[in-house]
Every structure is written in C-alpha cells, then in structure tokens.
Amino acid sequence: MAETVDPPPPGRKRGSGARMVYDLLRDEILDLKLAPGSPIDEVQLAERFQMSRTPIREALVRLAGEGLIETLPNRSTMVSNIDFLNLGPFFDALVLMYRVTTRLAAQNHRPGDIAAIRLHHEEYAAAVAERDALAMIATNAAFHAAIAEAGRNLYFTSLFRRLLDEGRRILRLYYKSYDEQFPQSFVEDHALIIAAIEARDVETADRLGRSHADQIVAQVQKLFSRSSGVDITL
C-alpha cells in the first residue's frame with residue numbers, strides 16, 4: 001500500500017518540511033553535532049520532526065547528493081566520514097578561492113559591499129571574544145562569502161561557498177584543539193584584508209588572501225599530524 005502523505009499544515013508550504021529537515025540535519029552534520037559514522041534512521045527522524053517519511057527522504061536525498069550522508073551495502077544510512085585522504089586537493093582549491101575572491105573584491109567592489117564585509121568581520125570578532133567556536137565558523141564563512149560576492153563572479157562565489165561549507169567539520173575539529181583559547185590573529189588578518197579591498201589594492205589583497213589561507217591550512221595539517229588526535233569517533 002502506498003504511503004499516505006499528510007498535507008502541509010496551515011501556514012507551511014508543501015515542500016517546506018523537507019527543507020526544514022534538510023537545513024537542520026545539514027547544520028548538525030557540519031557542526032559535528034551528528035558525528036561522522038552516526039546512523040541515520042528515517043523512522044526516528046519522522047518521529048522527531050513529527051512528519052511523514054516522504055519529506056524526510058527528500059531531505060536525505062539532498063544530503064546524500066552533497067556527500068554528507070551515505071547508504072551502506074546493507075541499506076543502512078550513516079553520516080559520511082570526513083575524507084582525510086583528499087584534503088590536499090581540497091586545500092588547493094580553498095587557497096585558490098581565498099586568493100581570487102579577495103583579489104576580485106579589491107578590483108570590483110561597490111560602495112555597499114564594504115559595509116556588509118565589515119559587519120561580518122565585527123560579528124566574527126565578537127564570536128572570538130566570546131570563545132564561541134560554532135559562531136566563529138559561521139561568521140568566518142559569512143565574511144569570506146561577502147568578499148566573494150563583492151568580486152562579482154557568481155561561479156567563484158558558488159564554489160567558495162561550497163568549499164567553506166565542506167570545511168566546517170574540519171574547522172570544528174581544528175577549533176576543538178584550541179581548548180576554547182582562540183587566536184586573535186585571525187581577527188587582525190580580516191581587518192587587513194578589508195583595508196586592502198577598500199583601498200582597491202589588488203596585489204596586497206591577493207597576498208593577504210593567500211597568507212591567511214596558507215596559515216589555516218598549515219595549522220589544520222599540523223593538527224591532523226599529531227599523534228594524540230582529537231577526541232571524536234571518525
């Protein structure tokens with residue numbers, strides 16, 4: 001017998017349930033609230049969100065398409081493990097996007113762009129002061145996405161957003177290694193990047209974008225080369 005699909009409740013458009021489940025599960029996976037290897041159960045999710053399994057499946061299909069969950073040969077579903085073997089290509093692409101988006105922002109930004117970038121910078125600085133790792137990751141992504149948007153290249157912006165999202169789990173592990181003692185240098189780096197963009201100093205913006213990215217990559221690589229590791233099941 002075909003499964004009965006409940007109509008959306010008043011005030012909620014059809015399809016919004018799948019989007020809500022997708023958004024919440026995606027954030028939980030990327031923020032490591034759902035650890036790599038965690039089982040994903042449709043029945044439990046349907047009970048949790050109090051909706052039929054159809055929107056749950058729609059959300060899971062989207063997450064699988066992004067590589068965040070996977071179905072095993074026994075047809076069980078789990079949160080995908082972090083692909084440490086492909087960190088090299090990921091870092092290469094990330095450094096390139098830091099450089100090109102910062103460079104283009106210096107070249108192509110419009111008057112309103114600087115205010116938006118500076119707002120995200122202030123939010124990031126506040127997150128560092130509050131030692132809020134999840135807020136740091138989110139505001140850092142918003143800061144660099146705003147820079148990418150100021151560069152006026154939709155393809156670069158889309159790719160950079162994807163890379164920043166894919167890096168959230170890695171950054172969460174990285175920030176855990178600081179034991180909540182976060183470096184102020186990232187805030188200072190961001191301020192220098194804003195100044196170069198505002199001055200339309202393309203070469204300095206490029207150099208700062210690269211050095212900022214290289215610093216992050218080097219620190220992440222150092223973290224994963226430690227024998228002690230981070231206390232999380234992968």
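These figures come from a predicted structure and were not determined experimentally.
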So, the side chain of [X] versus the backbone of [Y]: is there a donor-acceptor pair under 3.5 Å, distance only?
| X | Y | answer |
| --- | --- | --- |
| T101 | A148 | no |
| S158 | L154 | no |
| N140 | I137 | no |
| S80 | G67 | yes |

>> Less than 4.0 angstrom from a charged side-chain N to a carboxylate O is my criterion; do R161 and E149 meet it?
In response: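 Yes, this pair counts.
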> Would you call R48-D41 a salt bridge at under 4.0 Å N-O?
Replying inline: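 Result for this pair is no, no salt bridge flagged.
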Less than 4.5 Å apart, any side-chain heavy atom of [X] and any of [Y]?
| X | Y | result |
| --- | --- | --- |
| P39 | M78 | no |
| E70 | V79 | no |
| Y98 | I147 | no |
| R172 | L134 | yes |
| D206 | T102 | no |
| I216 | F91 | no |
| L164 | L171 | no |
| R57 | E42 | yes |

> Hey, mind stepping through D201 and R103 against salt bridge (charged side-chain N to carboxylate O under 4.0 Å, His left out) and telling me if it holds?
Replying inline: CA-CA 8 Å; D201 188 339; R103 182 183 185 93; over 6 Å; no
Which atom names give the shortest non-hydrogen contact between [X] and [Y], and what distance separates them?
| X | Y | result |
| --- | --- | --- |
| I197 | A105 | CG2-O, 3.7 Å |
| A196 | T204 | CB-CG2, 4.0 Å |
| R99 | G209 | CG-C, 4.4 Å |
| A106 | A205 | CB-CB, 3.8 Å |

>> Between F186 and Y124 (judged by ring centroids, cut-off 6.0 Å), do the two rings come close enough to count as a pair?
In response: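 No.
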> Hey, do the aromatic rings of H190 and H144 have their centres closer than 6.0 Å?
Replying inline: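 For H190 and H144, the ring centres are under 6.0 Å apart.
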Which value, rounded to the nearest 0.5 Å, describes the distance between [X] atom [atom1] and [Y] atom [atom2]?
| X | Y | atom1 | atom2 | value |
| --- | --- | --- | --- | --- |
| H212 | S185 | NE2 | OG | 8.5 Å |
| L60 | T71 | CG | OG1 | 8.0 Å |
| I82 | L32 | CD1 | CG | 5.5 Å |
| E122 | F143 | CD | CZ | 11.0 Å |
| L119 | E123 | CG | CD | 4.5 Å |
| R19 | L24 | CZ | CG | 11.0 Å |

>> Grouping I, L, V, M, F, W and Y whenever their side-chain heavy atoms are under 4.5 Å apart, do L96 and L159 come out in a common cluster?
In response: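 Same cluster.
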>> Assigning hydrophobic clusters by single linkage (Ile, Leu, Val, Met, Phe, Trp, Tyr; side-chain heavy-atom cutoff under 4.5 Å), is I29 placed with V61?
In response: no
>> For a salt bridge (charged side-chain N to carboxylate O under 4.0 Å, His left out) check, start with the C-alpha distance between R118 and E198, then their side-chain angles and the critical distance, and finish with the verdict.
In response: CA-CA 10 Å; R118 199 179 300 280; E198 190 169 21; 3.0 Å; yes
> Pick one: which of R169, R162, R168 meets salt bridge (charged side-chain N to carboxylate O under 4.0 Å, His left out) with E166?
Replying inline: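 The passing option is R162.
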>> Apply salt bridge (charged side-chain N to carboxylate O under 4.0 Å, His left out) to residues D27 and K33 and explain how you reach the verdict.
In response: CA-CA 8 Å; D27 280 341; K33 293 178 180 177; over 6 Å; no
>> I need the single residue from T157, V202, N153 that forms a side-chain contact (heavy atoms from CB on, under 4.5 Å) with L104. Which is it?
In response: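 Only one of T157, V202, N153 forms a side-chain contact (heavy atoms from CB on, under 4.5 Å) with L104, namely N153.
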